[in-house]
Amino acid sequence: MSDDTPYEQVTEGIRIRVSPEYSDDQSTPDEAYFFWIYTVEIANESEHTVQLKSRLWRITDANGKTDEIRGPGVVGQTPVIPPGQSFTYSSGCPLSTASGIMVGSYQMTDEGGRLFDVAIPAFSLDSPYDAMRRVN
């Protein structure tokens, strides 16, 4: 995972750390297709075992168009994370603009069955093409 200023937030002892990275290999800027890979670490700093049940993402492009994505688990998994342990995964996000923002939440449950939401901090999707546009 990149140490380039990850975005992080803690909710009820669950630390979410996100590191986005623009993927030049998977992007075709001439066709307005920009792709980012983001790595998320979910660290359980609480005293209870938790399980990630579902996710909610709000992805906003540079034009202000927002898509909402909901679904079970992450990358096909609903990980169980004991105290002091963490779960890390990577996924991707395409946009039709050279920059955007993602924010969201995970719904989790503790060993008593209580459901609670864990905030995913807002993070910026920036490509070199966006910076070049601003300079010109």
Side-chain angles (χ1 to χ4, degrees):
M1 186 158 85
S2 166
D3 283 333
D4 298 348
T5 322
Y7 300 85
E8 65 180 75
Q9 188 163 347
V10 179
T11 307
E12 293 198 38
I14 308 300
R15 181 179 303 276
I16 306 298
R17 184 177 293 125
V18 184
S19 298
E21 186 177 329
Y22 177 70
S23 176
D24 208 31
D25 298 1
Q26 298 180 61
S27 299
T28 49
D30 294 345
E31 298 169 16
Y33 185 83
F34 302 88
F35 196 85
W36 287 264
I37 295 169
Y38 57 91
T39 300
V40 180
E41 179 186 11
I42 304 165
N44 184 356
E45 299 173 356
S46 78
E47 297 176 5
H48 306 283
T49 296
V50 298
Q51 182 174 19
L52 191 154
K53 293 296 205 176
S54 63
R55 70 187 183 286
L56 164 65
W57 286 109
R58 284 190 188 84
I59 305 165
T60 305
D61 70 15
N63 297 326
K65 177 180 171 276
T66 299
D67 287 320
E68 199 169 273
I69 298 167
R70 295 173 182 270
V74 291
V75 295
Q77 299 180 55
T78 54
V80 173
I81 309 167
Q85 299 291 309
S86 63
F87 176 81
T88 301
Y89 73 95
S90 293
S91 191
C93 175
L95 286 179
S96 60
T97 60
S99 66
I101 294 174
M102 287 180 69
V103 65
S105 63
Y106 297 123
Q107 186 174 67
M108 299 198 148
T109 184
D110 63 19
E111 61 242 307
R114 180 181 68 94
L115 288 171
F116 61 100
D117 290 330
V118 173
I120 302 168
F123 59 95
S124 178
L125 302 172
D126 300 309
S127 76
Y129 299 95
D130 190 48
M132 288 189 309
R133 193 182 75 226
R134 278 185 254 158
V135 171
N136 294 332

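Sequence positions, counted from 1, serve as the residue numbers for this chain.
Inter-residue side-chain proximity for I59 and L95 is flagged as met; some heavy-atom pair is nearer than 4.5 Å. Counting only heavy atoms from C-beta outward, the side chains of V118 and I120 never approach each other to under 4.5 Å. Residues I42 and L52 are in side-chain contact: their nearest non-hydrogen atoms beyond the backbone lie under 4.5 Å apart. Contact check for Y7 versus S19: no side-chain heavy atoms found under the 4.5 Å cut-off.
Members clustered with F35: Y33, I37, by chain and number, using a 4.5 Å side-chain heavy-atom cutoff among hydrophobic residues.
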Exercise for the section: Report the C-alpha separation of F34 and D24 in whole Å, then their side-chain angles, then the decisive distance to 0.1 Å, and conclude whether the side-chain contact (heavy atoms from CB on, under 4.5 Å) test is met. Expected result: CA-CA 8 Å; F34 302 88; D24 208 31; over 6 Å; no

Practice task
Determine, step by step, whether L125 and M102 satisfy the side-chain contact (heavy atoms from CB on, under 4.5 Å) criterion, reporting the C-alpha distance in whole Å, the side-chain angles of both residues, the deciding distance to 0.1 Å, and the verdict.
Solution key: CA-CA 7 Å; L125 302 172; M102 287 180 69; 3.7 Å; yes

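To the nearest 0.5 Å, atom OG of residue S54 and atom CG of residue L115 are 8.0 Å apart.
D67 meets the side chain to side chain donor-acceptor pair (under 3.5 Å) test with K65; sequence neighbours excluded. The side chain to side chain donor-acceptor pair (under 3.5 Å) check on N44 picks up S46, with sequence neighbours excluded. A search for side chain to side chain donor-acceptor pair (under 3.5 Å) contacts involving T60 returns T66, not counting sequence neighbours. A search for side chain to side chain donor-acceptor pair (under 3.5 Å) contacts involving S105 returns nothing, not counting sequence neighbours. Remark: D117 pairs with Q107 by the side chain to side chain contact (heavy atoms under 4.5 Å, CB included) rule, at least two apart or across chains. Contacts of N63 classified as side chain to side chain contact (heavy atoms under 4.5 Å, CB included), with partners at least two apart in sequence or in another chain: D61, T97.
Among pairs with a residue in residues 70-82, those fulfilling salt bridge (Lys or Arg N to Asp or Glu O under 4.0 Å) read E68-R70, at least two apart in sequence or across chains. Pairs of residues two or more places apart, or lying in two chains, that qualify as salt bridge (Lys or Arg N to Asp or Glu O under 4.0 Å) and include a residue from residues 44-57 are R15-E45. Applying the salt bridge (Lys or Arg N to Asp or Glu O under 4.0 Å) test to pairs two or more places apart or on separate chains, those with a residue in residues 101-112 are D110-R114. Screening residues 80-101 for salt bridge (Lys or Arg N to Asp or Glu O under 4.0 Å) gives no qualifying pairs among residues at least two apart or on separate chains.
Between S127 and A98, the closest heavy-atom pair is OG-O, 2.8 Å. When all heavy atoms are compared, the tightest approach of T49 to P83 is OG1-CD, 3.4 Å. Minimum heavy-atom separation, Q9 to A119: NE2-CB, 3.5 Å. The two residues V40 and Y106 have their closest heavy-atom pair at CG1-OH, 3.4 Å.
Under 3.5 Å, the side chains of D126 and S124 contain a donor-acceptor pair of N or O atoms. Looking only at atom types and distance, the side chain of T39 has a donor-acceptor partner in the side chain of S90 under 3.5 Å away.
Linking Ile, Leu, Val, Met, Phe, Trp and Tyr whenever their side-chain heavy atoms come within less than 4.5 Å puts Y38 and F87 in one cluster. In the hydrophobic clustering of this structure, V18 groups with I69; members are Ile, Leu, Val, Met, Phe, Trp, Tyr whose side-chain heavy atoms approach within less than 4.5 Å, directly or through other members. Using a 4.5 Å cut-off between side-chain heavy atoms of Ile, Leu, Val, Met, Phe, Trp and Tyr, with links allowed through other members, I81 and V10 fall into different hydrophobic clusters.
Taking the six-membered ring for Trp and the full ring otherwise, the centers of F123 and W36 sit at least 6.0 Å from each other.
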Under 3.5 Å, which donor-acceptor pairs link side chains of residues 71-80 to any protein atom two or more places apart or in another chain?
residue, atom, partner, partner atom, Å
T78, OG1, Q51, NE2, 3.3

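Aromatic ring pairs are classed by plane angle as parallel below 30°, tilted from 30° to 60° and perpendicular above 60°; the pair Y22 and Y129 is perpendicular.
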